[in-house]
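I have placed the structure first, in the form of structure tokens, so that the comments after it can refer back to it.
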Amino acid sequence: MTGPAEQPALPSATEDAPEIPGWAEKSVRDIFAAALPDGDGRAAAIRDAYLDCLAGAGRTEDLDMEHDRCRQRAIAAMQEAGLLPTARLTDLDQRLAALEADITANL
């Protein structure tokens, strides 16, 4: 049988695909794990959406604004889900903002 594969094509190393540095992805996972050590599935979904948003920001003209938007969405989703008290949400917000500054500085 010939023809296209039934699985969706994945970008190769030579193609442009949205991504963030590997160290940043690990840091995001660590930050969320520290905030919610019990591994809540809702928090994992929010974390993954945040990572996708950061990756989609790429190298836009105003990267800081894009990162802020991603972080604000994640914090709002955590708040709406009632996963963390306000003080811990503020801490999470600050940790993610610091990470975003590191990402921007290392581009």
Could you give the distance from [atom1] ([X]) to [atom2] ([Y]), rounded to the nearest 0.5 Å?
| X | Y | atom1 | atom2 | value |
| --- | --- | --- | --- | --- |
| Gln94 | Leu99 | CD | CG | 14.0 Å |
| Leu84 | Thr90 | CG | OG1 | 10.0 Å |
| Thr86 | Ile75 | OG1 | CD1 | 11.0 Å |

Can you name the residues that form a salt bridge (charged side-chain N to carboxylate O under 4.0 Å, His left out) with Arg29, not counting sequence neighbours? Glu25, Asp48
Tell me, please, which residues at least two apart from Arg88 pass side-chain hydrogen bond (donor to acceptor under 3.5 Å, both in side chains). none
Residues in side chain to side chain contact (heavy atoms under 4.5 Å, CB included) contact with Ala43, at least two apart in sequence or another chain: Leu36, Asp40, Met78, Leu83
Shortest non-hydrogen contact from Ala57 toward His67: CB-CD2, 4.2 Å
Minimal heavy-atom distance between Phe32 and Leu92, with the atoms involved, is CE2-CD2, 4.4 Å
Can you run down the disulfide bond (SG atoms under 2.5 Å apart) pairs that involve residues 78-107, sequence neighbours left out, and say none if there aren't any? none
Return each pair, listed once, that meets disulfide bond (SG atoms under 2.5 Å apart) where at least one residue sits in residues 68-107; pairs must be two or more places apart or across chains. Cys53-Cys70
Can you list every pair that meets side-chain hydrogen bond (donor to acceptor under 3.5 Å, both in side chains) and has a residue in residues 95-107, with sequence neighbours left out? Tyr50-Glu100, Asp64-Thr104, Arg71-Glu100, Asp91-Arg95
Are any of the side-chain heavy atoms of Arg73 and Arg69 separated by less than 4.5 Å? yes
Mind checking whether Leu51 and Trp23 sit in one hydrophobic cluster, side chains of I, L, V, M, F, W, Y counted as touching below 4.5 Å? yes
